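No experiment lies behind these values; they were computed from the predicted model shown. Just so you know, residue 1 is the first one in the sequence shown, and it goes up from there.
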Amino acid sequence: MIRKLLTLCALSVTLGGTTAWAQDNALVVSTWGGSFRDLIDDNIGKEFTRQTGVPVKYVTGGTIDRLNKAKLASKPESDITFTTSHVGWLYVNSNLFEQIDTAKIPNYANLVDRAKISPYHIGSWAYVYSIGYRPDLVPASIKLESWNDLWNPALKGKLSAPDFDPSHIITVSAMLSGGDAATWEKGQEKLKALKPNFKAFYTNDANAQQLIATGETPVEVILSMNAYHMASQGVPIKVVMPKEGAVLGVDTMAIMKGTTKADLAYKFLNIALSADVQSKIVASKKASPVVTNAKVSAEDAKLPGVFTTKEQWDTQAIVIDNKLRAEKTAEWRKWFTENIMN
C-alpha cells in the first residue's frame, strides 16, 4: 500500500510538472471573450497546436480594457494581440507592437490591400457595420435600401446602434450631408434629426443580439457577423448592403513588443492567413476573408458584407481612415453621448 501511495504521489508531481511546463511554454493570445475567442481557438489555435505541439492560452477582455492593461504592464501579458484596426493604432502609438517582418509570413503575399493596416498590425478577418432589420416587425412599405431610409418617421422608436463606437453612424451622417469622417461636423444636424428613431443603444455584441432577437429594436446598425449568427439560430433577420456601401471593419493581429516567442508568433500569424483557415472562418462566421486565395461557397459569397472580389472591396466598403478613427473615437463618443443618447 505504501509503495502504491508513493507511486501515485510521484505520478501526481510528474503530471503537475507537465501541466506547468505546458502553461509556461504556451503561446499566449490576447483577444475578446465569447464567440470571438472561440473563433480564434477553433480555427487558428487548434491548427497551430496541431502543427507545432505548442498549446495556446488566451487572456480575454474588452477592447479598451486590454489596451489600458497593456499600457500599464512592465512586460507583455500576451505574445499576440487581436484588436480592431483603429485601436491597433493606439497600441502602435504606445510602442506596444513589434514591427512585422512580412518575410516570415509567406501567406502575407495573398493579403488584400485593405487588410494591410500598418507595419505593425495586419487583418485577420473583415466584416461590415450595416443595416440589419426584422422584416416581420417593420411596415412592409419600408424599403431599407439606403442609409437615408433610417430617417423614415415610420421607424420612430425602432432603431438601435452601439454606444461604445458611434463612428459608423457619424460617418454615414456626414457622407449623406456632403462630408466624410474627417469633416464629420457636417453631419451633426442630420444625425440629431435621427434621434427620435432611436429606442436603445447597445453596449456589446450580446446586448445587440438580444435587442433585435426580442424585437425591442427591429432595426439596428449591426455588425454583419452577429447578424448572420442570429440568422443561423433562427432569428428572421435581414442584412442590407445600402447603395452607399457599408462601414468596413477589419479585426487585426499583432506581435507584442518584448515577447520571447516571436518565432512561434510568426507561425501563428501565417497559419491565420492560410487559405484553409480563412475559408473555415468564412464558412463558420460569415466574415470576409482577408486573403485572395480563400475558398468561399457561392451561397456565402452572395451575403452582403462578405467580400470576395476587389471590386466589392473598392465599391461596397465605406472606409474610415484608421489613424483618424483612433484619434477621434473619444471625441465622437463624447459628442454622441451628449447630443444623441441624452
- [ ] Search all heavy atoms of A126 against all heavy atoms of M225 and return the closest pair with its distance.
- [x] O-SD, 4.4 Å
- [ ] Mind listing the closest non-hydrogen atom pair of K186 and G178 along with its distance?
- [x] NZ-O, 3.8 Å
TODO: Kindly compute the distance separating CZ (F336) from CD1 (I169), expressed to the nearest 0.5 Å.
DONE: 7.5 Å
- [ ] With Y58 as reference, evaluate T31, D41, D38 under the side-chain hydrogen bond (donor to acceptor under 3.5 Å, both in side chains) test and give the passing residue.
- [x] D41
Task: Heavy-atom side-chain proximity of W184 to K328 below 4.5 angstrom - done: yes
Task: Side-chain donor-acceptor contact under 3.5 Å, R37 with T60 - done: no
Task: Atom pair OG1 (T63) and CG (N68), whose distance is rounded to the nearest 0.5 Å - done: 11.0 Å
- [ ] For K286 and A283, indicate whether the former's side chain and the latter's backbone hold a donor-acceptor pair under 3.5 Å.
- [x] yes
Task: Side chains of L273 and N110 in contact at under 4.5 Å (non-hydrogen atoms) - done: no
- [ ] Report yes if the side chains of K257 and P76 come closer than 4.5 Å at any heavy-atom pair, otherwise no.
- [x] no
Open item on the list: So does Q312 get a backbone contact from the side chain of Q316, meaning a donor-acceptor N/O pair under 3.5 Å?
Closed with: no
Task: Cluster overlap V87 with L324, hydrophobic side-chain contacts below 4.5 Å - done: no
TODO: Kindly compute the distance separating OG1 (T259) from CD (E77), expressed to the nearest 0.5 Å.
DONE: 12.5 Å
Open item on the list: With a 4.5 Å cut-off on side-chain heavy atoms, are W32 and D251 touching?
Closed with: yes
Open item on the list: Can you tell me which residue among T84, D321, I117 is in a side-chain contact (heavy atoms from CB on, under 4.5 Å) with W89?
Closed with: I117
Task: Any donor-acceptor pair under 3.5 Å from T49 side chain to K46 backbone - done: no
Open item on the list: Using modelled atom types and a 3.5 Å cut-off, is there a donor and acceptor pairing between side-chain atoms of S177 and backbone atoms of G179?
Closed with: no
Open item on the list: Donor-acceptor check, side chain of W147 to backbone of G245, threshold 3.5 angstrom: yes or no?
Closed with: yes
- [ ] Using modelled atom types only, decide if a donor and an acceptor are shared between the side chain of R333 and the backbone of P166 within a distance under 3.5 Å.
- [x] no
Open item on the list: Hydrophobic cluster membership, with links at side-chain heavy-atom distances under 4.5 Å among I/L/V/M/F/W/Y: are F198 and Y129 in one?
Closed with: yes
TODO: Identify the heavy atoms of H168 and P162 that sit nearest to each other, and give their distance.
DONE: ND1-CG, 4.0 Å
TODO: Using modelled atom types only, decide if a donor and an acceptor are shared between the side chain of Q278 and the backbone of S124 within a distance under 3.5 Å.
DONE: yes
Task: Heavy-atom check, side chain of D42 versus side chain of S284, under 4.5 Å - done: no
- [ ] Taking atom NZ of K195 as the centre, report whether more than 12 heavy atoms of other residues, nucleotides or ligands fall under 6.0 Å from it.
- [x] yes
- [ ] Indicate the atoms forming the closest heavy-atom contact of A227 with V239, along with that distance.
- [x] CB-CG2, 3.4 Å
TODO: Quick one: pull up NZ in K116 and OG in S85 and give me the separation to the nearest 0.5 Å.
DONE: 16.0 Å
Open item on the list: Just verifying a value: how many Å separate K192 NZ and I340 CD1, rounded to the nearest 0.5 Å?
Closed with: 7.5 Å
TODO: Walk me through it: do L150 and V219 pass the test side chain to side chain contact (heavy atoms under 4.5 Å, CB included)?
DONE: CA-CA 9 Å; L150 292 182; V219 183; 3.8 Å; yes
Open item on the list: Applying a strict under-4.5 Å side-chain criterion to I, L, V, M, F, W and Y, I'd like to know whether V282 and W313 cluster together.
Closed with: no
Open item on the list: Using the side-chain contact (heavy atoms from CB on, under 4.5 Å) definition, which of the options V277, I40, V56 pairs with F48?
Closed with: V56
Open item on the list: Any donor-acceptor pair under 3.5 Å linking the side-chain atoms of T217 with those of S160?
Closed with: yes
Task: Non-hydrogen side-chain atoms of L194 and L159 separated by less than 4.5 Å - done: yes
Task: Aromatic contact, F82 with F36 (centres under 6.0 Å) - done: no
Task: Common cluster, I131/I318, ILVMFWY with side-chain heavy-atom separation under 4.5 Å - done: yes
TODO: Might you confirm whether atom NZ of K323 has over 12 heavy atoms from other residues, nucleotides or ligands at distances under 6.0 Å?
DONE: no
Open item on the list: Within the supplied structure, the quantity of interest is the number of heavy atoms (other residues, nucleotides, ligands) at a distance under 6.0 Å from E299 CD; does it exceed 12?
Closed with: no
Open item on the list: For T203, is there any backbone N or O sitting under 3.5 Å from a side-chain donor or acceptor partner on N207?
Closed with: yes
Open item on the list: Give me the atom names and distance for the closest heavy-atom approach of K261 to A26.
Closed with: CE-O, 3.2 Å
Open item on the list: Check this for me, if you would: do R325 and D165 make a salt bridge, where the nitrogen-to-carboxylate-oxygen distance has to be below 4.0 angstrom?
Closed with: yes
- [ ] Run the numbers on K267 and D263 for salt bridge (Lys or Arg N to Asp or Glu O under 4.0 Å), then give the verdict.
- [x] CA-CA 6 Å; K267 179 73 173 177; D263 288 344; over 6 Å; no
Open item on the list: L176 vs W151, test: side chain to side chain contact (heavy atoms under 4.5 Å, CB included). Steps then yes/no.
Closed with: CA-CA 11 Å; L176 297 176; W151 276 257; 3.8 Å; yes
- [ ] Find out if a path of hydrophobic residues (ILVMFWY) with successive side-chain heavy-atom gaps under 4.5 Å connects I170 to Y202.
- [x] yes
Task: Exam field: side chain S288 to backbone G305, donor-acceptor pair closer than 3.5 Å - done: yes
Open item on the list: I'd like to know if the side chain of S78 and the backbone of V28 have a donor-acceptor N/O pair within less than 3.5 Å.
Closed with: no
Task: Test log, rule side chain to side chain contact (heavy atoms under 4.5 Å, CB included), inputs Y266 and I100 - done: CA-CA 9 Å; Y266 275 111; I100 294 174; 4.1 Å; yes
Task: Any L144 side-chain heavy atom under 4.5 Å of K238 side chain - done: no
- [ ] Step by step, work out the side-chain hydrogen bond (donor to acceptor under 3.5 Å, both in side chains) result for K190 and N148.
- [x] CA-CA 10 Å; K190 183 171 184 64; N148 257 322; 3.0 Å; yes
Task: Between S274 and D276: side-chain donor-acceptor atoms closer than 3.5 Å - done: no
Task: Sidechain N-carboxylate O distance under 4.0 Å for E331, K334 - done: no
Open item on the list: With a 4.0 Å cut-off on N to O distance, would you call D65 and K69 a salt bridge?
Closed with: no
- [ ] Could you tell me the separation between the CG atom of N270 and the OG1 atom of T102, rounded to the nearest 0.5 Å?
- [x] 11.0 Å
- [ ] Please determine if D149 and K143 form a salt bridge, counting it only when a charged side-chain N lies under 4.0 Å from a carboxylate O.
- [x] no
Open item on the list: Which heavy atom of L269 sits nearest to which heavy atom of I105, and what is that distance?
Closed with: CD2-CD1, 3.9 Å
Open item on the list: side chain to side chain contact (heavy atoms under 4.5 Å, CB included), that's the test. Do N226 and I212 meet it? Break it down for me.
Closed with: CA-CA 11 Å; N226 285 339; I212 200 164; over 6 Å; no
Task: Sub-4.5 Å side-chain heavy-atom contact between D79 and M256 - done: no
